[in-house]
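This report concerns only the one structure given below.
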There are 2 protein chains.
Amino acid sequence: MKTVPIQTAKKSAVACHNCSLSELCLPRGLNREELELLENAINKTVKIKKKDYLFRRDDQQYSIYAVKAGAVKTALSTPDGEEQILGFYLPGDLLGFDAFANNRHTCDAQALDDTLVCELNMDSFQELCGKLSSMRGQMMRQIGAEIEREHMLLLTLGQMRTEERLATFLSSLSERNKERGFSCTEFNLPMARHDLANYLGMAVETLSRMFSRLQDDGIIAVQHRLIKIEDMARLKQLAHHTCRPASEAR
Amino acid sequence: MKTVPIQTAKKSAVACHNCSLSELCLPRGLNREELELLENAINKTVKIKKKDYLFRRDDQQYSIYAVKAGAVKTALSTPDGEEQILGFYLPGDLLGFDAFANNRHTCDAQALDDTLVCELNMDSFQELCGKLSSMRGQMMRQIGAEIEREHMLLLTLGQMRTEERLATFLSSLSERNKERGFSCTEFNLPMARHDLANYLGMAVETLSRMFSRLQDDGIIAVQHRLIKIEDMARLKQLAHHTCRPASEAR
DNA sequence: CGTACGCTTGACTGAGGTCAACCCAGGTGG
DNA sequence: CCACCTGGGTTGACCTCAGTCAAGCGTACG
(Lines give C-alpha, C1' and ligand atoms only; values in the text may rest on other atoms or scores of the structure.)
Protein backbone atom coordinates (compact mmCIF):
# COMPACT_ATOMS: atom_id res chain seq x y z
CA MET A 1 0.00 0.00 0.00
CA LYS A 2 2.85 2.36 -0.68
CA THR A 3 2.10 5.71 -2.19
CA VAL A 4 3.90 6.00 -5.50
CA PRO A 5 6.59 3.36 -5.55
CA ILE A 6 7.74 3.63 -9.11
CA GLN A 7 10.80 1.67 -10.08
CA THR A 8 12.37 2.33 -13.41
CA ALA A 9 14.24 -0.45 -15.13
CA LYS A 10 16.44 1.15 -17.78
CA LYS A 11 17.06 -2.04 -19.65
CA SER A 12 14.76 -4.34 -21.52
CA ALA A 13 12.43 -1.58 -22.64
CA VAL A 14 10.42 -2.60 -25.67
CA ALA A 15 10.41 0.16 -28.28
CA CYS A 16 7.00 1.30 -29.50
CA HIS A 17 7.65 0.05 -33.02
CA ASN A 18 8.31 -3.40 -31.64
CA CYS A 19 5.46 -3.33 -29.16
CA SER A 20 2.61 -5.68 -29.93
CA LEU A 21 0.17 -3.16 -28.50
CA SER A 22 1.08 -0.24 -30.74
CA GLU A 23 -2.13 -0.54 -32.73
CA LEU A 24 -4.24 0.06 -29.62
CA CYS A 25 -1.97 2.64 -28.07
CA LEU A 26 -0.73 6.15 -28.82
CA PRO A 27 1.67 5.24 -31.68
CA ARG A 28 -1.26 4.31 -33.87
CA GLY A 29 -1.28 6.43 -37.01
CA LEU A 30 2.13 8.02 -36.44
CA ASN A 31 4.81 7.85 -39.11
CA ARG A 32 8.39 6.78 -38.43
CA GLU A 33 9.65 10.25 -37.66
CA GLU A 34 6.80 11.09 -35.33
CA LEU A 35 7.15 7.77 -33.62
CA GLU A 36 10.74 8.57 -32.82
CA LEU A 37 9.77 11.80 -31.08
CA LEU A 38 7.22 9.90 -29.05
CA GLU A 39 9.68 7.18 -28.16
CA ASN A 40 12.15 9.70 -26.85
CA ALA A 41 9.55 11.28 -24.64
CA ILE A 42 8.24 8.23 -22.85
CA ASN A 43 9.57 6.26 -19.96
CA LYS A 44 8.99 2.75 -21.18
CA THR A 45 9.40 0.64 -18.13
CA VAL A 46 7.57 1.63 -15.02
CA LYS A 47 6.93 -1.40 -12.84
CA ILE A 48 4.44 -1.46 -10.04
CA LYS A 49 3.55 -4.33 -7.81
CA LYS A 50 0.10 -5.65 -7.08
CA LYS A 51 -1.87 -3.27 -4.84
CA ASP A 52 0.59 -0.42 -5.25
CA TYR A 53 -0.63 2.86 -6.67
CA LEU A 54 0.32 4.12 -10.10
CA PHE A 55 -0.91 7.54 -9.05
CA ARG A 56 -3.10 8.99 -6.37
CA ARG A 57 -5.51 11.85 -6.27
CA ASP A 58 -3.74 15.20 -5.88
CA ASP A 59 -0.26 13.80 -6.52
CA GLN A 60 2.18 16.51 -7.52
CA GLN A 61 3.36 15.04 -10.78
CA TYR A 62 0.98 13.63 -13.29
CA SER A 63 1.27 11.73 -16.53
CA ILE A 64 -0.54 9.72 -19.11
CA TYR A 65 0.10 5.99 -18.78
CA ALA A 66 -0.24 3.06 -21.15
CA VAL A 67 -0.66 -0.38 -19.67
CA LYS A 68 1.76 -2.90 -21.14
CA ALA A 69 1.19 -5.90 -18.91
CA GLY A 70 -0.98 -6.53 -15.89
CA ALA A 71 -4.08 -4.54 -15.02
CA VAL A 72 -4.97 -1.30 -13.26
CA LYS A 73 -8.16 0.01 -11.70
CA THR A 74 -9.07 3.66 -11.21
CA ALA A 75 -11.35 4.74 -8.39
CA LEU A 76 -12.86 7.75 -6.73
CA SER A 77 -12.89 7.63 -2.97
CA THR A 78 -15.03 9.64 -0.61
CA PRO A 79 -14.13 11.18 2.75
CA ASP A 80 -16.10 8.49 4.55
CA GLY A 81 -14.08 5.67 3.06
CA GLU A 82 -16.43 4.56 0.32
CA GLU A 83 -15.17 4.22 -3.20
CA GLN A 84 -16.48 3.93 -6.72
CA ILE A 85 -14.33 2.09 -9.21
CA LEU A 86 -14.35 3.94 -12.50
CA GLY A 87 -12.57 1.60 -14.84
CA PHE A 88 -10.33 -1.38 -15.38
CA TYR A 89 -7.37 -0.89 -17.72
CA LEU A 90 -5.82 -3.74 -19.64
CA PRO A 91 -2.72 -3.93 -21.83
CA GLY A 92 -3.05 -1.37 -24.63
CA ASP A 93 -5.33 0.93 -22.63
CA LEU A 94 -4.40 4.50 -21.75
CA LEU A 95 -5.25 6.20 -18.48
CA GLY A 96 -4.66 9.48 -16.72
CA PHE A 97 -6.87 11.88 -18.67
CA ASP A 98 -8.62 12.83 -15.44
CA ALA A 99 -5.73 15.19 -14.68
CA PHE A 100 -6.57 17.56 -17.52
CA ALA A 101 -8.91 19.76 -15.53
CA ASN A 102 -6.71 20.87 -12.67
CA ASN A 103 -3.22 19.65 -13.51
CA ARG A 104 -3.52 16.86 -11.01
CA HIS A 105 -5.16 13.51 -10.95
CA THR A 106 -8.64 13.41 -9.49
CA CYS A 107 -8.79 9.69 -8.82
CA ASP A 108 -6.53 6.89 -7.67
CA ALA A 109 -5.01 4.24 -9.93
CA GLN A 110 -4.03 0.97 -8.31
CA ALA A 111 -2.48 -2.16 -9.78
CA LEU A 112 -4.66 -5.26 -9.65
CA ASP A 113 -1.61 -7.37 -10.30
CA ASP A 114 2.09 -6.85 -10.91
CA THR A 115 2.01 -4.39 -13.76
CA LEU A 116 4.18 -2.78 -16.38
CA VAL A 117 3.31 0.57 -17.90
CA CYS A 118 4.75 3.26 -20.16
CA GLU A 119 4.68 6.79 -18.85
CA LEU A 120 4.40 10.02 -20.80
CA ASN A 121 4.68 13.03 -18.56
CA MET A 122 2.31 15.88 -19.09
CA ASP A 123 4.83 18.42 -20.32
CA SER A 124 6.12 16.14 -23.06
CA PHE A 125 2.58 15.23 -23.83
CA GLN A 126 1.57 18.85 -24.28
CA GLU A 127 4.60 19.53 -26.40
CA LEU A 128 3.96 16.59 -28.69
CA CYS A 129 0.31 17.55 -29.05
CA GLY A 130 1.41 21.00 -30.16
CA LYS A 131 3.92 19.69 -32.68
CA LEU A 132 2.20 16.68 -34.18
CA SER A 133 -1.32 16.85 -35.50
CA SER A 134 -1.43 13.08 -35.87
CA MET A 135 -0.56 12.73 -32.21
CA ARG A 136 -3.29 15.19 -31.34
CA GLY A 137 -5.72 13.20 -33.42
CA GLN A 138 -4.86 9.93 -31.77
CA MET A 139 -5.03 11.55 -28.37
CA MET A 140 -8.48 12.89 -29.12
CA ARG A 141 -9.63 9.48 -30.27
CA GLN A 142 -8.43 8.00 -27.00
CA ILE A 143 -10.16 10.63 -24.94
CA GLY A 144 -13.31 10.13 -26.97
CA ALA A 145 -13.13 6.41 -26.36
CA GLU A 146 -12.73 7.01 -22.63
CA ILE A 147 -15.76 9.28 -22.58
CA GLU A 148 -17.75 6.76 -24.56
CA ARG A 149 -16.79 4.01 -22.17
CA GLU A 150 -17.93 6.11 -19.25
CA HIS A 151 -21.22 6.84 -20.98
CA MET A 152 -21.81 3.11 -21.33
CA LEU A 153 -21.09 2.63 -17.66
CA LEU A 154 -23.56 5.37 -16.77
CA LEU A 155 -26.18 3.60 -18.85
CA THR A 156 -25.34 0.36 -17.11
CA LEU A 157 -25.56 1.80 -13.61
CA GLY A 158 -28.57 3.98 -14.31
CA GLN A 159 -30.85 1.66 -16.25
CA MET A 160 -29.96 -1.99 -15.90
CA ARG A 161 -30.83 -4.60 -13.34
CA THR A 162 -27.99 -6.47 -11.73
CA GLU A 163 -28.05 -9.50 -14.01
CA GLU A 164 -27.93 -7.30 -17.10
CA ARG A 165 -25.06 -5.32 -15.66
CA LEU A 166 -22.96 -8.42 -15.22
CA ALA A 167 -23.89 -9.72 -18.67
CA THR A 168 -22.93 -6.37 -20.18
CA PHE A 169 -19.62 -6.40 -18.39
CA LEU A 170 -18.73 -9.94 -19.43
CA SER A 171 -19.74 -9.29 -22.99
CA SER A 172 -17.59 -6.20 -23.15
CA LEU A 173 -14.62 -7.91 -21.53
CA SER A 174 -14.97 -10.67 -24.07
CA GLU A 175 -14.74 -8.08 -26.87
CA ARG A 176 -11.71 -6.49 -25.33
CA ASN A 177 -10.00 -9.86 -25.18
CA LYS A 178 -10.81 -10.48 -28.79
CA GLU A 179 -9.27 -7.14 -29.80
CA ARG A 180 -6.10 -8.20 -28.06
CA GLY A 181 -5.96 -11.50 -29.83
CA PHE A 182 -7.08 -13.60 -26.88
CA SER A 183 -10.00 -15.93 -26.62
CA CYS A 184 -13.34 -14.20 -26.34
CA THR A 185 -15.04 -17.24 -24.87
CA GLU A 186 -12.60 -18.22 -22.16
CA PHE A 187 -10.62 -15.83 -20.01
CA ASN A 188 -9.62 -14.86 -16.49
CA LEU A 189 -11.13 -11.92 -14.68
CA PRO A 190 -8.32 -9.54 -13.76
CA MET A 191 -10.13 -8.31 -10.65
CA ALA A 192 -11.56 -9.66 -7.40
CA ARG A 193 -15.30 -9.99 -6.83
CA HIS A 194 -15.16 -7.12 -4.41
CA ASP A 195 -13.88 -4.72 -7.06
CA LEU A 196 -16.20 -5.92 -9.77
CA ALA A 197 -19.23 -5.61 -7.50
CA ASN A 198 -18.27 -2.08 -6.63
CA TYR A 199 -17.70 -1.18 -10.27
CA LEU A 200 -21.12 -2.53 -11.19
CA GLY A 201 -22.81 -0.81 -8.27
CA MET A 202 -24.00 -3.87 -6.38
CA ALA A 203 -23.19 -5.90 -3.28
CA VAL A 204 -20.61 -8.68 -3.51
CA GLU A 205 -23.26 -11.18 -2.51
CA THR A 206 -25.52 -10.06 -5.32
CA LEU A 207 -22.68 -10.33 -7.81
CA SER A 208 -21.94 -13.84 -6.60
CA ARG A 209 -25.60 -14.79 -6.97
CA MET A 210 -25.68 -13.41 -10.51
CA PHE A 211 -22.61 -15.44 -11.46
CA SER A 212 -24.38 -18.50 -10.12
CA ARG A 213 -27.57 -17.63 -11.96
CA LEU A 214 -25.81 -17.21 -15.30
CA GLN A 215 -24.06 -20.50 -14.67
CA ASP A 216 -27.26 -22.33 -13.72
CA ASP A 217 -28.85 -21.03 -16.89
CA GLY A 218 -26.02 -22.53 -18.93
CA ILE A 219 -24.85 -19.16 -20.21
CA ILE A 220 -21.41 -19.21 -18.63
CA ALA A 221 -19.22 -21.51 -16.58
CA VAL A 222 -17.43 -20.01 -13.61
CA GLN A 223 -14.43 -21.35 -11.74
CA HIS A 224 -13.13 -18.69 -9.42
CA ARG A 225 -11.82 -16.08 -11.83
CA LEU A 226 -11.90 -18.27 -14.88
CA ILE A 227 -14.92 -17.59 -17.07
CA LYS A 228 -16.10 -19.63 -20.02
CA ILE A 229 -18.87 -18.24 -22.12
CA GLU A 230 -21.07 -21.14 -23.14
CA ASP A 231 -23.87 -19.29 -24.88
CA MET A 232 -22.69 -16.00 -26.32
CA ALA A 233 -26.02 -15.28 -28.00
CA ARG A 234 -27.97 -15.39 -24.78
CA LEU A 235 -25.29 -13.40 -22.97
CA LYS A 236 -25.49 -10.62 -25.56
CA GLN A 237 -29.24 -10.73 -25.36
CA LEU A 238 -29.10 -10.09 -21.64
CA ALA A 239 -26.77 -7.21 -22.36
CA HIS A 240 -29.24 -5.95 -24.95
CA HIS A 241 -29.19 -2.36 -23.77
CA THR A 242 -25.69 -1.93 -25.10
CA CYS A 243 -25.72 0.65 -27.85
CA ARG A 244 -23.22 -0.05 -30.51
CA PRO A 245 -22.59 -3.22 -32.45
CA ALA A 246 -19.65 -5.14 -31.09
CA SER A 247 -17.09 -4.01 -33.63
CA GLU A 248 -17.19 -0.42 -32.50
CA ALA A 249 -17.39 -0.91 -28.75
CA ARG A 250 -14.23 -0.50 -26.81
CA MET B 1 -38.91 16.64 -32.71
CA LYS B 2 -37.12 17.70 -35.88
CA THR B 3 -33.72 16.30 -36.56
CA VAL B 4 -31.22 19.15 -36.80
CA PRO B 5 -33.23 22.30 -37.33
CA ILE B 6 -30.49 24.86 -36.90
CA GLN B 7 -31.36 28.42 -37.74
CA THR B 8 -28.59 30.93 -37.99
CA ALA B 9 -29.33 34.56 -37.25
CA LYS B 10 -26.52 36.61 -38.71
CA LYS B 11 -27.26 39.73 -36.74
CA SER B 12 -27.20 40.42 -33.06
CA ALA B 13 -24.33 38.06 -32.33
CA VAL B 14 -22.59 38.88 -29.07
CA ALA B 15 -18.83 38.85 -29.53
CA CYS B 16 -16.84 36.67 -27.14
CA HIS B 17 -15.10 39.64 -25.58
CA ASN B 18 -18.49 41.11 -24.72
CA CYS B 19 -20.02 37.84 -23.63
CA SER B 20 -20.73 37.59 -19.93
CA LEU B 21 -19.88 33.90 -20.04
CA SER B 22 -16.39 34.22 -21.42
CA GLU B 23 -14.81 33.32 -18.09
CA LEU B 24 -16.52 29.93 -18.06
CA CYS B 25 -16.18 29.25 -21.75
CA LEU B 26 -13.42 28.67 -24.30
CA PRO B 27 -12.11 32.28 -24.45
CA ARG B 28 -10.83 32.00 -20.93
CA GLY B 29 -7.11 32.59 -20.82
CA LEU B 30 -6.78 33.73 -24.45
CA ASN B 31 -5.16 37.04 -25.29
CA ARG B 32 -6.72 39.61 -27.63
CA GLU B 33 -5.10 38.24 -30.75
CA GLU B 34 -6.01 34.64 -30.00
CA LEU B 35 -9.51 35.65 -29.13
CA GLU B 36 -9.92 37.18 -32.54
CA LEU B 37 -8.96 33.94 -34.26
CA LEU B 38 -11.50 32.12 -32.13
CA GLU B 39 -14.20 34.68 -32.83
CA ASN B 40 -13.74 34.31 -36.55
CA ALA B 41 -14.06 30.56 -36.33
CA ILE B 42 -17.30 30.29 -34.42
CA ASN B 43 -20.87 30.62 -35.48
CA LYS B 44 -22.25 32.72 -32.66
CA THR B 45 -25.97 32.42 -33.02
CA VAL B 46 -27.43 29.02 -33.40
CA LYS B 47 -30.99 28.97 -32.13
CA ILE B 48 -32.87 25.83 -31.33
CA LYS B 49 -36.36 25.49 -29.98
CA LYS B 50 -37.44 23.50 -26.98
CA LYS B 51 -37.37 19.76 -27.68
CA ASP B 52 -35.39 20.16 -30.90
CA TYR B 53 -32.07 18.41 -31.22
CA LEU B 54 -28.77 20.24 -31.27
CA PHE B 55 -27.18 17.11 -32.62
CA ARG B 56 -28.00 13.45 -32.82
CA ARG B 57 -25.97 10.31 -32.65
CA ASP B 58 -24.22 9.55 -35.93
CA ASP B 59 -24.98 12.93 -37.51
CA GLN B 60 -22.67 13.67 -40.40
CA GLN B 61 -21.33 17.00 -39.21
CA TYR B 62 -20.18 17.49 -35.69
CA SER B 63 -19.04 20.44 -33.61
CA ILE B 64 -18.28 21.67 -30.15
CA TYR B 65 -21.07 23.83 -28.73
CA ALA B 66 -21.20 26.41 -25.97
CA VAL B 67 -24.55 27.12 -24.36
CA LYS B 68 -25.34 30.83 -24.22
CA ALA B 69 -28.93 30.78 -23.03
CA GLY B 70 -31.39 28.04 -22.26
CA ALA B 71 -30.43 24.48 -21.38
CA VAL B 72 -29.52 21.25 -23.15
CA LYS B 73 -29.53 17.61 -22.12
CA THR B 74 -27.39 14.86 -23.62
CA ALA B 75 -28.57 11.28 -23.61
CA LEU B 76 -27.66 7.81 -24.76
CA SER B 77 -30.54 5.80 -26.15
CA THR B 78 -30.76 2.07 -26.56
CA PRO B 79 -32.33 0.05 -29.38
CA ASP B 80 -35.27 -0.84 -27.17
CA GLY B 81 -36.22 2.77 -26.53
CA GLU B 82 -34.68 3.27 -23.11
CA GLU B 83 -32.42 6.20 -22.50
CA GLN B 84 -29.86 7.40 -20.00
CA ILE B 85 -29.45 11.12 -19.63
CA LEU B 86 -25.77 11.92 -19.33
CA GLY B 87 -25.73 15.58 -18.46
CA PHE B 88 -27.50 18.90 -18.32
CA TYR B 89 -25.71 21.86 -19.88
CA LEU B 90 -26.31 25.42 -18.73
CA PRO B 91 -25.09 28.77 -20.09
CA GLY B 92 -21.29 28.73 -20.12
CA ASP B 93 -21.05 24.95 -20.46
CA LEU B 94 -19.42 23.23 -23.42
CA LEU B 95 -20.66 20.03 -24.99
CA GLY B 96 -19.85 17.77 -27.89
CA PHE B 97 -16.61 16.10 -26.78
CA ASP B 98 -18.21 12.72 -27.25
CA ALA B 99 -17.50 13.00 -30.98
CA PHE B 100 -13.73 12.77 -30.55
CA ALA B 101 -13.54 8.99 -30.78
CA ASN B 102 -15.14 8.33 -34.14
CA ASN B 103 -15.64 11.74 -35.75
CA ARG B 104 -19.33 11.65 -34.99
CA HIS B 105 -21.44 12.23 -31.97
CA THR B 106 -22.26 9.19 -29.90
CA CYS B 107 -25.19 10.64 -28.03
CA ASP B 108 -28.13 12.97 -28.63
CA ALA B 109 -28.34 16.57 -27.45
CA GLN B 110 -31.79 18.03 -27.03
CA ALA B 111 -32.91 21.48 -25.91
CA LEU B 112 -34.86 21.56 -22.66
CA ASP B 113 -36.05 25.02 -23.53
CA ASP B 114 -35.60 27.54 -26.32
CA THR B 115 -31.84 27.75 -26.46
CA LEU B 116 -29.02 29.78 -27.94
CA VAL B 117 -25.59 28.28 -28.52
CA CYS B 118 -22.28 29.09 -30.17
CA GLU B 119 -20.90 26.50 -32.54
CA LEU B 120 -17.29 25.71 -33.31
CA ASN B 121 -17.00 23.13 -36.05
CA MET B 122 -14.51 20.38 -35.61
CA ASP B 123 -12.11 21.40 -38.37
CA SER B 124 -11.71 24.92 -37.03
CA PHE B 125 -11.42 23.47 -33.59
CA GLN B 126 -8.60 21.16 -34.63
CA GLU B 127 -6.86 23.97 -36.43
CA LEU B 128 -7.04 26.32 -33.46
CA CYS B 129 -5.79 23.62 -31.14
CA GLY B 130 -2.79 23.16 -33.38
CA LYS B 131 -2.02 26.87 -33.54
CA LEU B 132 -2.74 28.10 -30.04
CA SER B 133 -1.32 26.40 -27.00
CA SER B 134 -3.55 28.46 -24.73
CA MET B 135 -6.56 27.23 -26.62
CA ARG B 136 -5.33 23.68 -26.27
CA GLY B 137 -4.89 24.23 -22.58
CA GLN B 138 -8.36 25.59 -22.10
CA MET B 139 -9.80 22.78 -24.17
CA MET B 140 -8.02 20.21 -22.03
CA ARG B 141 -9.33 21.84 -18.89
CA GLN B 142 -12.85 21.62 -20.25
CA ILE B 143 -12.47 17.99 -21.21
CA GLY B 144 -11.01 17.26 -17.80
CA ALA B 145 -13.94 18.98 -16.16
CA GLU B 146 -16.34 16.91 -18.23
CA ILE B 147 -14.60 13.70 -17.23
CA GLU B 148 -14.60 14.76 -13.61
CA ARG B 149 -18.31 15.52 -13.76
CA GLU B 150 -18.98 12.09 -15.21
CA HIS B 151 -16.93 10.47 -12.49
CA MET B 152 -19.06 12.20 -9.88
CA LEU B 153 -22.18 10.94 -11.59
CA LEU B 154 -20.80 7.42 -11.59
CA LEU B 155 -20.19 7.72 -7.87
CA THR B 156 -23.71 9.00 -7.42
CA LEU B 157 -25.33 6.22 -9.39
CA GLY B 158 -23.10 3.48 -8.08
CA GLN B 159 -22.99 4.22 -4.37
CA MET B 160 -25.75 6.50 -3.19
CA ARG B 161 -29.31 5.92 -2.14
CA THR B 162 -32.02 7.87 -3.86
CA GLU B 163 -32.31 10.63 -1.27
CA GLU B 164 -28.56 11.22 -1.34
CA ARG B 165 -28.58 11.33 -5.13
CA LEU B 166 -31.13 14.09 -5.17
CA ALA B 167 -29.34 16.01 -2.42
CA THR B 168 -26.09 15.72 -4.36
CA PHE B 169 -27.73 16.97 -7.51
CA LEU B 170 -29.39 19.95 -5.83
CA SER B 171 -26.22 20.88 -4.05
CA SER B 172 -24.23 20.79 -7.27
CA LEU B 173 -26.85 22.77 -9.18
CA SER B 174 -26.73 25.35 -6.42
CA GLU B 175 -22.97 25.66 -6.91
CA ARG B 176 -23.33 26.02 -10.64
CA ASN B 177 -25.83 28.81 -10.16
CA LYS B 178 -23.47 30.55 -7.80
CA GLU B 179 -20.65 30.38 -10.36
CA ARG B 180 -22.95 32.09 -12.84
CA GLY B 181 -23.81 34.84 -10.44
CA PHE B 182 -27.30 33.60 -9.62
CA SER B 183 -28.78 32.75 -6.28
CA CYS B 184 -27.53 29.50 -4.84
CA THR B 185 -30.48 29.14 -2.51
CA GLU B 186 -33.37 29.78 -4.85
CA PHE B 187 -33.58 28.70 -8.47
CA ASN B 188 -35.64 26.96 -11.09
CA LEU B 189 -34.91 23.47 -12.29
CA PRO B 190 -34.28 23.59 -16.01
CA MET B 191 -35.64 20.07 -16.56
CA ALA B 192 -38.80 18.07 -16.00
CA ARG B 193 -39.12 15.46 -13.27
CA HIS B 194 -39.04 12.75 -15.87
CA ASP B 195 -35.59 13.79 -17.09
CA LEU B 196 -34.16 14.34 -13.67
CA ALA B 197 -35.37 10.94 -12.47
CA ASN B 198 -33.77 9.28 -15.45
CA TYR B 199 -30.50 11.15 -14.94
CA LEU B 200 -30.41 10.08 -11.30
CA GLY B 201 -31.29 6.49 -12.13
CA MET B 202 -34.61 6.26 -10.32
CA ALA B 203 -38.34 6.18 -11.05
CA VAL B 204 -40.24 9.48 -11.36
CA GLU B 205 -42.41 8.48 -8.42
CA THR B 206 -39.37 7.90 -6.26
CA LEU B 207 -37.94 11.27 -7.24
CA SER B 208 -41.21 12.93 -6.35
CA ARG B 209 -41.25 11.22 -2.97
CA MET B 210 -37.70 12.34 -2.28
CA PHE B 211 -38.60 15.94 -3.09
CA SER B 212 -41.47 15.64 -0.63
CA ARG B 213 -39.24 14.07 1.97
CA LEU B 214 -36.61 16.81 1.75
CA GLN B 215 -39.43 19.33 1.99
CA ASP B 216 -41.05 17.64 4.99
CA ASP B 217 -37.67 17.63 6.70
CA GLY B 218 -37.39 21.38 6.20
CA ILE B 219 -34.32 21.10 4.00
CA ILE B 220 -35.86 22.55 0.86
CA ALA B 221 -39.11 24.11 -0.30
CA VAL B 222 -40.48 22.90 -3.62
CA GLN B 223 -43.03 24.56 -5.85
CA HIS B 224 -43.11 22.79 -9.16
CA ARG B 225 -39.72 23.61 -10.62
CA LEU B 226 -38.88 26.34 -8.17
CA ILE B 227 -36.52 25.18 -5.45
CA LYS B 228 -35.59 27.04 -2.29
CA ILE B 229 -32.85 25.62 -0.18
CA GLU B 230 -33.81 26.23 3.44
CA ASP B 231 -31.03 24.34 5.18
CA MET B 232 -27.88 24.19 3.09
CA ALA B 233 -25.85 22.52 5.82
CA ARG B 234 -28.15 19.54 6.06
CA LEU B 235 -28.44 19.32 2.29
CA LYS B 236 -24.66 19.14 1.95
CA GLN B 237 -24.53 16.60 4.72
CA LEU B 238 -26.90 14.35 2.81
CA ALA B 239 -24.66 14.80 -0.21
CA HIS B 240 -21.66 13.91 1.95
CA HIS B 241 -20.17 11.47 -0.50
CA THR B 242 -19.22 14.29 -2.78
CA CYS B 243 -15.46 14.43 -3.09
CA ARG B 244 -14.17 17.89 -3.58
CA PRO B 245 -14.89 21.03 -1.62
CA ALA B 246 -17.46 23.24 -3.32
CA SER B 247 -15.05 25.69 -4.86
CA GLU B 248 -13.47 23.14 -7.13
CA ALA B 249 -16.59 21.26 -8.17
CA ARG B 250 -18.04 22.09 -11.53
C1' DC C 1 -64.01 23.86 -22.20
C1' DG C 2 -62.14 19.58 -22.43
C1' DT C 3 -58.20 16.88 -22.93
C1' DA C 4 -53.58 15.80 -22.02
C1' DC C 5 -49.62 15.97 -19.66
C1' DG C 6 -46.68 16.61 -15.60
C1' DC C 7 -46.54 15.73 -10.96
C1' DT C 8 -47.86 13.72 -6.52
C1' DT C 9 -49.56 10.26 -3.39
C1' DG C 10 -50.98 5.62 -1.84
C1' DA C 11 -50.84 0.48 -1.73
C1' DC C 12 -48.40 -3.36 -2.93
C1' DT C 13 -44.43 -6.12 -4.56
C1' DG C 14 -40.06 -7.64 -5.48
C1' DA C 15 -35.14 -6.97 -6.45
C1' DG C 16 -31.39 -6.53 -4.13
C1' DG C 17 -29.00 -5.21 0.34
C1' DT C 18 -27.62 -6.92 4.99
C1' DC C 19 -26.23 -10.20 8.28
C1' DA C 20 -24.44 -14.51 9.21
C1' DA C 21 -22.57 -19.00 8.47
C1' DC C 22 -19.70 -21.68 5.85
C1' DC C 23 -16.29 -23.24 2.39
C1' DC C 24 -12.07 -23.30 0.06
C1' DA C 25 -7.43 -21.94 -1.44
C1' DG C 26 -3.17 -20.06 -0.49
C1' DG C 27 0.22 -18.35 2.56
C1' DT C 28 2.72 -18.72 7.05
C1' DG C 29 4.94 -20.58 10.80
C1' DG C 30 5.93 -24.42 13.84
C1' DC D 1 5.21 -31.34 5.79
C1' DC D 2 1.32 -30.33 8.15
C1' DA D 3 -1.67 -27.27 10.93
C1' DC D 4 -3.39 -23.11 11.19
C1' DC D 5 -5.09 -18.82 9.76
C1' DT D 6 -6.72 -15.35 6.78
C1' DG D 7 -9.13 -13.49 3.06
C1' DG D 8 -11.98 -14.24 -0.95
C1' DG D 9 -16.08 -16.35 -2.44
C1' DT D 10 -20.67 -18.61 -2.01
C1' DT D 11 -25.11 -19.52 -0.03
C1' DG D 12 -29.21 -18.87 2.93
C1' DA D 13 -32.62 -16.14 5.65
C1' DC D 14 -34.49 -11.97 6.30
C1' DC D 15 -35.74 -7.21 5.55
C1' DT D 16 -35.94 -2.81 3.32
C1' DC D 17 -35.67 0.44 -0.24
C1' DA D 18 -37.33 1.59 -4.32
C1' DG D 19 -40.05 0.12 -8.44
C1' DT D 20 -44.76 -0.75 -10.28
C1' DC D 21 -49.49 0.00 -10.72
C1' DA D 22 -53.20 2.90 -10.07
C1' DA D 23 -55.74 6.92 -8.84
C1' DG D 24 -56.14 11.78 -8.41
C1' DC D 25 -54.90 16.67 -9.04
C1' DG D 26 -53.57 20.93 -11.16
C1' DT D 27 -51.86 23.52 -15.01
C1' DA D 28 -51.14 24.24 -19.89
C1' DC D 29 -52.74 24.12 -24.18
C1' DG D 30 -55.41 23.20 -28.29
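First the proteins, then the strands, lettered A, B, ... as listed; each starts at 1.
Taking atom CD on B:Q215 and atom C1' on C:dT9, their separation rounds to 14 Å, with Å as the unit. Atom CE in A:M202 sits about 19 Å away from atom C1' in D:dT16, given to the nearest Å. Atoms CZ (B:R225) and P (C:dG6) sit 9 Å apart, rounded to a whole Å. The separation between A:N198 atom CG and D:dG9 atom P is 13 Å, rounded to whole Å. As rounded to whole Å, 12 Å separates atom C1' of D:dG8 from atom CG of A:D195. Taking atom CD on B:Q223 and atom P on C:dT8, their separation rounds to 12 Å, with Å as the unit. If you measure from atom CG of B:L157 to atom C1' of D:dA18, you get 15 Å, rounded to the nearest angstrom. Between the NE2 atom of B:H224 and the C1' atom of C:dC5 there is a distance of 14 Å, given to the nearest Å.
Listed candidates were C:dT9, D:dT27, D:dG19. Nearest to the side chain of B:S212 is C:dT9.
Checking A:R213 against B:R209, the closest nucleotide of DNA chain C that is more toward the 5' end is the one next to B:R209. Taking the nucleotide of DNA chain C with the nearest heavy atom to each of B:E205 and A:G201, the more 5' of the two is matched to B:E205.
A donor-acceptor contact closer than 3.5 angstrom is absent between the side chains of A:T106 and B:E148.
Under the salt bridge (Lys or Arg N to Asp or Glu O under 4.0 Å) test applied with A:E175, the options A:R149, A:K236, A:R180 reduce to a single match, A:K236.
For B:R161 and C:dG17, a side-chain-to-base donor-acceptor distance below 3.5 Å is absent, hydrogens and geometry of angles not being considered. Side-chain N/O atoms of B:R193 and base N/O atoms of C:dT9 include no donor-acceptor pair closer than 3.5 Å.
Dashed line: the shortest gap from a side-chain N or O of B:S208 to OP1 or OP2 of C:dT8 is under 4.0 Å. Of the side-chain N and O atoms in A:T206, none sit less than 4.0 angstrom from OP1 or OP2 of C:dA15.
Distance alone, capped at 3.5 Å, places no donor-acceptor pair between the B:D113 side chain and the B:G70 backbone.
Heavy atoms of A:T162 sit under 4.0 angstrom from primed sugar atoms or phosphate atoms, though from no base atom.
Between A:K73 and A:D195 there is a salt bridge, since at least one side-chain N of the basic residue sits less than 4.0 Å from a carboxylate O of the acidic one.
The six-membered or imidazole ring of A:F55 lies near that of A:Y65, with a centre-to-centre distance under 6.0 Å.
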